[in-house]
Asker: 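Pasting a structure here, questions to come.
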Amino acid sequence: MGRRILIVGGVAGGATAAAHARRLSEDAEIIILERGPYVSFANCGLPYYIGGEIPEKEDLLVQTPEGLRSRFNLDVRVMSEVIELDPSKKRALICDLKSHKNYWESYDDLIISTGASPLKPRIPGIDREGLFSIRGITDVEVILQWINEKKATQAVVVGGGFIGVEMVEQLHKKGLDITLAEGLPQVMAPFDPEMAAWLHHELNSKGVKLHLDDPVASFDNPEPNTKQATVVELKSGVRIPADIVILAIGVRPESELIKNADLEIGDKGGIRVSEDLRTSDPHIWAIGDAIEVRDFVTGEWVLVPLAGPANRQGRMVAENIFGGSMKYSGTCGTSILRCFDMVAACTGANEKTLKRNKITYAVVHLHPASHANYYPGAERIAMKILFDPDEGRLLGAQVLGKDGVDKRIDVLATALKSGLTVHDLEELELAYAPPFGAAKDPVNLAGMVAQHVKLGEVQCIQWHEIATLAPEATTVLDVRDEDEREEGYIPGSTHIPLPELRLRLDELSKDKEIITYCQTGQRSYFAFRILVQNGFRVRNLTGSYLTWKMAHDA
C-alpha cells in the first residue's frame, strides 16, 4: 500500500489535489472528506445560476462523488466533517453528518482545503429571516426558493465586492429592484477610486441605488402590513425596505482545524504556509482560500480567495507530497468582474497598497480604443498602470471597459509575474487585425506612455492633485476643441485648442506652472512637448479630462 492522503474539503483545490495525486501514484490511498453534499462544484458560477444564465444546477457540478470514484479511484466521503486533528498521531477525527457518529482516520499526509466562509458581523438583526450569504449550491437553492415563494421585488445587497456586484447584476436580471449598500466610499476595493467610479456610473445607469460610505447599522422589523422581510437601516439613518437581503460583506479563512491543533496561524487569520505550501507540521499541507500567501509585488502576507490560485496550489501540493520541489512564488491577485455592460479587471498592487508598503511608484492613465477606431464597434478602455519610476518594472494595472478588457489584463498579469518593464510592454508583439486590436495595442500604448514618464520626457499630475493647486501659481490649460469644452471642463481652466497653441504662446505666463489636459491624454502630451521646449514649466494631467470627470462624478 502506498501513501495515505486525507484531503479536507473538495471544490477547487482539494479535488484538484486528489486528481493529480492519483495521476502521480496508483498505489496511494486518497480520501476526500467534504462536509457538504457536493464534492466538486463551480462556486464562482453560483450567482449566475441565481440569474438564470446557468440554467441547470447540474451545470455547476464539476465532478460528482461517483465520477471521482470511477475515474480516479478516490474514496470520496460527502457529509463528513473533520472536527479535530491529532498531528502527534497523524490522525483526524471525522463526524459522519448522516449518522452523527465520530471515527478516527490516520494519514501519512493531510491536505487542508477548507476554503473561506462568509463574514457575518455582529449587526443587530443579522439572524433575521430573509438574510442570505452565498457559499455553496444549497445556499443559492434556498435563495431562489425564497424569491419565488415570497414573490420578492426589492433586494438589498450588502457589500460591493465581487460577490456583491455579481449578485446585483443577477438579481437585476430576475427583475428585482436593487439597492447596494457599501460601508466603504467605493465598490470593489482592489481598484483605486477613480477606476471604481466607472463601476459606480454603470450601476447608476442600470437603476441600482448606491449607498456608499454608509455601513449597515441594523436589520430592523419591517413596516406594519407590508410583505418585506426586513428594513435595512444604515449608519446615516436611511431605512431601506427589503424582501430579501444578500450579505456579501467578505469572507474569512476557515482555519480553525489548524488553530485548534496549535499549528501556525498568520496575522490575518489564515493558515501560514511555507513556499512549498506546507504548514508548521511537516505532514500537513494547506491550499486555497484558507491560507495566507505572499503578495508577489509587496512581499506582505495576504489572503487571496480566488479559484485560480487554489487550483494551482492543489496541483503543486500533490507534486510535493510525492517528492517534488515546487514553490508557490506568491500571488498577483489577478481578477476580473462583469458588471452589466462593463468589465473590470486588475492585477498586482493598487495605490493604497503601494503607499502602505512605502513602495515608490509612478502612475499613468490612458483611454485607448479596444480595437482599431476605423473598424465598427470600437469601445474606449480605461487603463491605469503603476510602475517603478526608476527601473520601469510593472507593479500593478487596472483595466475597465466594455470590450477587450480580459485580453489586456491577461497580458499585463503575465508581464507583471515575469518581471517585465514598461519598456517591455512597449516592445511586445501582440496579435493585430482591425476587429481585435490596433497596430499599437492598448498594452503597447500603456508601455509607451509609462516609458515617457520613466525617461523624463513628460511630468505628470494625477486627477486628485488638481484640487490642491494654487490658482495664482498655476494655469490649467484645456487644449481640446471648442465643441468638447462646451460639454464640460475643469473649473477655472484656460482654453487654447491644440492647433492654435504655437500661435498663442504669448497668452501664457512663464511665471506660472501649466497643467495640460485634453479628453484622454494624447493631445495634452503633445501640448506638453510644445510648451516645455518653449521654456514653460509644465505637467500633464494623466488620463486627462475623462479620468478627472469620472472621479468627480462618482
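Here the structure is a predicted model, which means the values were calculated and not measured.
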Asker: Hydrogens and angles aside, do Gln398 and Asn350 bring a side-chain donor and acceptor to less than 3.5 Å of each other?
Answerer: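 Not at all, the side chains of Gln398 and Asn350 share no donor-acceptor pair under 3.5 Å.
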
Asker: Testing the 3.5 Å rule here: is there a donor-acceptor pair between the side chains of Thr520 and Ser544?
Answerer: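 No donor-acceptor contact under 3.5 Å links the two side chains.
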
Asker: Nearest heavy-atom pair of Thr114 and Ile112: which atoms, and what distance?
Answerer: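 Where Thr114 meets Ile112 most closely, the heavy atoms are OG1-CG2, 3.5 Å.
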
Asker: Look at atom NZ of Lys209 and say whether more than 12 heavy atoms of other residues, nucleotides or ligands are closer to it than 6.0 Å.
Answerer: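 For Lys209, atom NZ is crowded (more than 12 foreign heavy atoms under 6.0 Å).
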
Asker: Are any of the side-chain nitrogens in Glu254 or Arg135 under 4.0 Å away from the carboxylate oxygens of its partner?
Answerer: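 Yes, charged N to carboxylate O under 4.0 Å.
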
Asker: Begin with the C-alpha distance, continue with both residues' side-chain angles, and end with the deciding distance and a verdict on side chain to side chain contact (heavy atoms under 4.5 Å, CB included) for Asp481 and Arg523.
Answerer: CA-CA 10 Å; Asp481 296 337; Arg523 285 171 292 171; 4.2 Å; yes

Asker: Checking Asn444 side chain against Leu425 main chain: does a donor-acceptor pair fall under 3.5 Å?
Answerer: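 Side chain of Asn444 to backbone of Leu425: a pair is present.
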
Asker: Is it true that the side chains of Ser493 and Arg485 contain a donor and an acceptor less than 3.5 Å apart?
Answerer: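 A pair is found: one side chain offers a donor N or O, the other an acceptor, under 3.5 Å apart.
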
Asker: Taking atom types as modelled, find out whether Tyr361 and Asp388 have a side-chain donor-acceptor pair closer than 3.5 angstrom.
Answerer: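 The criterion, which ignores hydrogens and geometry beyond distance, is not satisfied for Asp388 and Tyr361.
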
Asker: Between Lys417 and Phe296, is NZ or CZ placed under 6.0 angstrom from the six-membered ring centre and within 45° of the ring axis?
Answerer: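 That pair qualifies as a cation-pi contact.
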
Asker: Is any side-chain N of the basic residue among Glu513 and Arg537 closer than 4.0 Å to the acidic one's carboxylate O?
Answerer: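 No.
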
Asker: Taking only Lys NZ, Arg NE, NH1 and NH2, and the carboxylate oxygens of Asp or Glu, determine whether Lys549 and Glu194 approach each other closer than 4.0 Å.
Answerer: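 Salt bridge flag = no for Glu194 with Lys549.
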
Asker: In terms of side-chain geometry, is the basic nitrogen of Lys384 or Asp192 positioned less than 4.0 Å from the acidic oxygen of its partner?
Answerer: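 So Lys384 pairs with Asp192 through a salt bridge.
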
Asker: For the residue pair Ser524 and Asn540, what are the closest heavy atoms and their distance?
Answerer: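 So the two residues come closest at OG-OD1, 2.7 Å.
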
Asker: Do the charged groups of Glu300 and Arg356 touch, with an N to O distance under 4.0 Å?
Answerer: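 Between Arg356 and Glu300 there is a salt bridge, with a charged N closer than 4.0 Å to a carboxylate O.
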
Asker: With distance as the sole criterion, is a donor-acceptor pair present between the side chains of Thr347 and Thr334 under 3.5 Å?
Answerer: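 Checked: Thr347/Thr334 side chains pair up, N/O donor to acceptor below 3.5 Å.
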
Asker: Before accepting this row, confirm whether a basic side-chain N of the pair Glu202/Lys206 lies closer than 4.0 Å to the acidic partner's carboxylate O.
Answerer: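 So Glu202 pairs with Lys206 through a salt bridge.
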
Asker: Report the residue from Ile246, Leu203, Leu171 that forms a side chain to side chain contact (heavy atoms under 4.5 Å, CB included) with Ile178.
Answerer: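 Filter result, single survivor: Leu171.
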
Asker: Looking only at the side chains, is there a donor atom on one of Tyr48 and Gln170 sitting less than 3.5 Å from an acceptor on the other?
Answerer: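 There is no such pair (donor and acceptor under 3.5 Å, judged by atom type) between the side chains of Tyr48 and Gln170.
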
Asker: Are a donor atom and an acceptor atom from the side chains of Gln459 and Arg539 found within less than 3.5 Å of each other?
Answerer: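 The answer is no; no qualifying pair exists.
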
Asker: Quick one about His367 and Thr547 (side-chain donor to acceptor, distance below 3.5 Å, no hydrogens or angles considered), yes or no?
Answerer: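 His367 and Thr547 do have a side-chain donor-acceptor pair below 3.5 Å.
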
Asker: Kindly indicate, with the supporting measurements, whether the criterion side-chain hydrogen bond (donor to acceptor under 3.5 Å, both in side chains) is fulfilled by Gln519 and Glu487.
Answerer: CA-CA 11 Å; Gln519 192 71 4; Glu487 296 181 2; 5.9 Å; no

Asker: Does a donor on one side chain sit under 3.5 Å from an acceptor on the other, for His20 and Glu319?
Answerer: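 Present: a donor and an acceptor within the cut-off.
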
Asker: Are Arg312 and Tyr328 in a cation-pi setup, meaning NZ or CZ lies under 6.0 angstrom from the ring centre and within 45 degrees of the ring axis?
Answerer: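 The answer is no, since Arg312 fails at least one limit relative to Tyr328.
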
Asker: Decide yes or no for Trp463 and His552: does some side-chain heavy atom of the first lie under 4.5 Å from some side-chain heavy atom of the second?
Answerer: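 A side-chain contact exists here, since the closest heavy-atom pair is under 4.5 Å.
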
Asker: Quick check: does any side chain N or O of Thr414 sit under 3.5 Å from a backbone N or O of Leu412, one acting as donor and the other as acceptor?
Answerer: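 No.
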
Asker: Does His365 have any ring-ring contact (aromatic ring centres under 6.0 Å, His included) partners at least two apart in sequence or in another chain, and if so, which?
Answerer: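 ring-ring contact (aromatic ring centres under 6.0 Å, His included) check on His365 returns nothing, list empty.
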
Asker: Could you go through the ring-ring contact (aromatic ring centres under 6.0 Å, His included) check for Tyr525 and His452 one step at a time?
Answerer: CA-CA 10 Å; Tyr525 166 64; His452 289 321; 4.7 Å; yes

Asker: Could you check whether any side-chain heavy atom of Thr474 comes within less than 4.5 Å of a side-chain heavy atom of Lys512, counting everything from C-beta outward?
Answerer: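 Heavy-atom side-chain distance check fails, nothing below 4.5 Å.
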
Asker: Would you check if the side chain of Glu182 reaches a backbone N or O of Val187 as a donor-acceptor pair within less than 3.5 Å?
Answerer: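 The answer is no, because no donor-acceptor pair under 3.5 Å joins these two groups.
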
